[in-house]
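Below is one structure, written out as structure tokens; the observations come after it.
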Amino acid sequence: MIIDTQKIENILLGIRQPDAYAVDDILVRAFSRSGLSLEDAAALLSVEDPNIIERMLKKAGEVKEKVFGKRIVLFAPLYLSNYCTNNCLYCGFRKDNKNAVRKTLAIDEIVQEAKILEAKGFKRILLVCGEDPKVSGIEYIIEAVCAIYRNTGIRIIHVNAPPMDVADLKRVKESGVGVYQVFQETYHRATYDLMHPSGKKRDYDYRISVMDRAMEAGFEDVGIGSLLGLYDYKFDVLATIAHSGHLFERFGAHAHTISVPRLRPADGSPVKTAPFPVSDMEFKKVVAVYRLAVPSAGIVVSTREGARLRDEVIHIGASQISAGSKTEPGGYTNEVRGERLEARGKPAEQFLTDDHRGLEEMIASIAKNGYLPSLCTTCYRVGRTGADFTQKTLSGDMEKFCQANAILTLQEYLLDYAQNGAKELGETAIKRGIEAIREPNLKKEVLKKLDEIRQGKRDVYF
Ligand code: SAM
Ligand code: SF4
């Protein structure tokens with residue numbers, strides 16, 4: 001059994017709102033970066049007193065800084081195809097959405113999209129596609145990955161693609177993919193069955209076991225998540241934490257990322273509003289609890305959320321955010337061309353995004369908020385992955401690397417891509433970042449590498 005859902009139900013049945021003392025006690029333990037038991041996580045999720053919630057959010061922000069420093073990693077999704085043989089009730093790509101204009105990008109169109117993202121300054125992208133073996137099967141995904149690496153300066157590609165067998169996952173890994181991501185959507189079996197009426201995705205067990213297969217296939221870094229809004233968020237958050245715990249017990253590495261997607265409106269999907277709505281305050285609690293419970297994980301908040309909320313979550317534990325995202329295949333190319341595609345039939349989006357800020361605006365905003373925007377991709381490329389990554393983050397070693405590499409990649413960005421808003425704010429963030437480095441030797445090395453970058457050297461890292 002990967003997770004014991006009955007145990008989670010029992011914990012939730014027995015939970016009483018903890019008082020301030022009990023919460024402080026949990027937070028003191030969480031500050032040591034040892035994570036949280038499911039009981040403690042449930043207790044924190046049940047807190048409703050705004051003052052106590054504030055304390056939790058603040059502590060989660062402190063744990064994030066202890067683990068990763070001030071850095072916030074930026075990435076962009078690249079949608080390959082919106083054909084899908086599944087029928088997820090909440091998704092615009094579902095098979096029965098007959099009004100959706102369908103498109104599968106040709107390999108040269110994929111490269112074109114990646115080049116546009118590269119020209120904006122992105123180094124890290126996430127390939128996303130619907131599930132249709134005939135048009136976006138394993139061969140296609142691998143070809144896309146290889147073509148992007150061959151033809152662009154994108155440094156790391158992650159993939160959010162349907163569950164596969166070990167043999168296929170091995171091939172995806174060998175093509176150079178960093179993180180393999182699949183969201184369970186909901187761990188509550190009855191809700192899962194209801195939301196996934198047909199197609200291969202109907203198989204709950206095949207989906208929940210995919211991360212075990214991915215790790216068996218050699219993926220050291222995997223990304224998990226629950227789609228908030230489908231079922232009681234407390235249940236799904238505890239189950240996600242338990243899933244990460246299972247991976248740690250079996251493979252020595254926690255989930256590399258935990259994404260926090262919340263249900264958004266999607267054209268052509270029968271689920272118009274969330275059956276179990278999650279408020280902004282609850283969303284923030286979720287981010288904080290993930291951070292406290294799985295301190296080594298990258299907590300990912302996408303453009304599904306609005307600008308104000310995304311600016312807030314970077315203070316409470318989120319460590320990775322996307323920017324300027326398009327959720328339809330070919331979206332970046334169409335944006336550059338400025339074509340009025342509505343008239344000619346724009347490929348269907350998966351869902352509507354809420355934060356429309358582009359990369360430069362995001363970088364400026366992160367810097368303005370006192371954080372350090374990072375375009376770093378080093379860990380995957382030098383093998384600081386899996387169990388090694390989990391251990392380094394928990395021992396505090398990662399903070400040094402992350403902070404230093406964030407400074408270096410931000411400097412590259414400011415020299416090569418920043419056009420207006422981010423320049424000054426970015427330079428200030430770099431200065432602050434250098435001042436925060438405590439080890440004199442590391443600081444000296446960072447200054448040396450910064451000079452190399454200013455003199456034209458690129459892709460410099462620790
Ligand atoms: N098709 C693959 C799958 O379902 O695993 C991979 C990509 S799917 C396009 C990526 C994720 O988008 C899904 O796992 C789901 O959590 C999320 N998603 C789908 N519809 C959504 C919606 N209406 N609002 C927010 N997120 C949504
Ligand atoms: Fe297809 Fe994924 Fe959308 Fe489900 S969530 S309809 S599997 S693209």
Side-chain angles (χ1 to χ4, degrees), residues 77-98 100 102-104 126-138 140-141 144 158-164 169 172 177 179-187 191-192 194-204 206-211 214 222-231 233 236 240 257-278 283 300-306 322 325-329 331 347-355:
L78 195 172
Y79 278 71
L80 303 178
S81 170
N82 62 8
Y83 279 89
C84 195
T85 50
N86 293 318
N87 243 325
C88 313
L89 293 190
Y90 44 82
C91 178
F93 292 174
R94 65 196 302 268
K95 183 178 173 219
D96 285 355
N97 181 8
K98 301 293 179 209
R102 305 282 173 173
K103 177 153 177 79
T104 301
L126 171 72
L127 301 188
V128 187
C129 61
E131 178 160 18
D132 188 340
K134 282 205 188 111
V135 296
S136 57
I138 167 88
Y140 172 79
I141 293 173
H158 301 326
V159 162
N160 185 326
M164 302 172 202
L169 283 161
V172 174
V177 168
V179 179
Y180 176 63
Q181 210 182 61
V182 173
F183 305 151
Q184 183 61 25
E185 320 300 10
T186 174
Y187 289 83
T191 307
Y192 188 93
L194 186 76
M195 289 291 157
H196 305 101
S198 65
K200 214 173 158 197
K201 190 162 167 180
R202 238 191 110 56
D203 190 341
Y204 175 104
Y206 188 67
R207 194 164 180 94
I208 201 172
S209 53
V210 66
M211 291 315 171
V222 297
I224 61 175
S226 298
L227 182 54
L228 300 178
L230 294 182
Y231 184 62
Y233 78 92
D236 273 327
T240 308
T257 56
I258 298 182
S259 297
V260 201
R262 181 165 55 162
L263 202 64
R264 294 281 302 151
D267 269 354
S269 71
V271 174
K272 296 288 173 220
T273 52
F276 288 80
V278 175
F283 185 89
V300 188
V301 177
S302 74
T303 56
R304 290 172 180 88
E305 304 306 326
S322 45
S325 306
K326 298 279 168 199
T327 67
E328 76 274 21
E349 292 166 313
Q350 194 192 14
F351 50 79
L352 299 176
T353 56
D354 198 4
D355 187 347

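Start at 1 and go down the list; that is how both ligands and their atoms are numbered.
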Exercise for the section: Give a yes or no answer on whether the side chain of Asn160 reaches the backbone of Val182 with a donor-acceptor pair at less than 3.5 Å. Expected result: no

Problem - Side chains of Thr85 and Arg94 in contact at under 4.5 Å (non-hydrogen atoms) - result: no

Handout entry: Pair Glu131 + Lys201, salt bridge at N-O below 4.0 Å
Key = no

Exercise for the section: For Arg94, counting its heavy atoms only, list the atoms of ligand 2 lying under 4.0 Å from any of them. Expected result: 6 (S)

Handout entry: Within reach of ligand 1, part of Ala266 (heavy-atom separation under 4.0 Å)
Key = side chain

Fill in the blank from the handout: So for Gln184 against ligand 1, with non-hydrogen atoms under 4.0 Å, the contacting part is neither

Handout entry: Part of Phe351 within contact of ligand 1 (heavy atoms, under 4.0 Å)
Key = side chain

Problem - Within-cut-off N or O pair, Lys201 and ligand 1, under 3.5 Å - result: yes

Practice task
Tell me, please: is Asn160 in heavy-atom contact with ligand 1, that is, under 4.0 Å?
Solution key: yes

Practice task
Name the option, out of Ser81, Pro77, Cys129, that contains the heavy atom nearest to atom 1 (N) of ligand 1.
Solution key: Cys129

Problem - Heavy atom of the protein closest to atom 7 (S) of ligand 2 (residue, atom name, distance) - result: Asn86 ND2, 3.3 Å

Practice task
Would you please say whether a donor-acceptor pair under 3.5 Å links the side chains of Asp236 and Thr186?
Solution key: yes

Exercise for the section: Determine whether more than 12 heavy atoms belonging to other residues, nucleotides or ligands lie under 6.0 Å from atom CG of Asp267. Expected result: no

Handout entry: Neighbour count above 12 (heavy atom, 6.0 Å) for Lys98 NZ
Key = yes

Handout entry: Protein residue, atom and distance nearest to atom 4 (Fe) of ligand 2, heavy-atom basis
Key = Cys88 SG, 2.2 Å

Completion exercise
closest protein heavy atom to atom 13 (C) of ligand 1 is Glu185 OE2, 3.2 Å

Problem - Pair Arg207 + Glu185: basic N to acidic O under 4.0 Å - result: yes

Handout entry: Distance-only donor-acceptor check, side chains Ser226 and Thr240, under 3.5 Å
Key = yes

Exercise for the section: Give the residue and atom name of whichever protein heavy atom lies nearest to atom 5 (S) of ligand 2, and the separation in Å to one decimal. Expected result: Lys201 NZ, 3.4 Å

Exercise for the section: Give the residue, atom name and distance (to 0.1 Å) of the protein heavy atom nearest atom 26 (N) of ligand 1. Expected result: Arg304 NE, 2.9 Å

Practice task
Answer yes or no as to whether an N/O/S atom of Cys84 is found below 2.8 Å from atom 4 (Fe) of ligand 2.
Solution key: no

Exercise for the section: Check whether any N, O or S atom of Cys91 sits under 2.8 Å from atom 3 (Fe) of ligand 2. Expected result: yes

Handout entry: Any donor-acceptor N or O pair under 3.5 Å, side chains Ser81, Thr104
Key = yes

Exercise for the section: List every atom of ligand 1 that sits less than 4.0 Å from any heavy atom of Arg262, numbering the atoms from 1 in the order shown and giving each element. Expected result: 25 (C)

Exercise for the section: Evaluate the side-chain proximity of Asn97 to Ser269: yes if any heavy-atom separation is below 4.5 Å, no if none is. Expected result: no

Fill in the blank from the handout: Near Gly130 (heavy-atom distance under 4.0 Å), the atoms of ligand 2 are 8 (S)

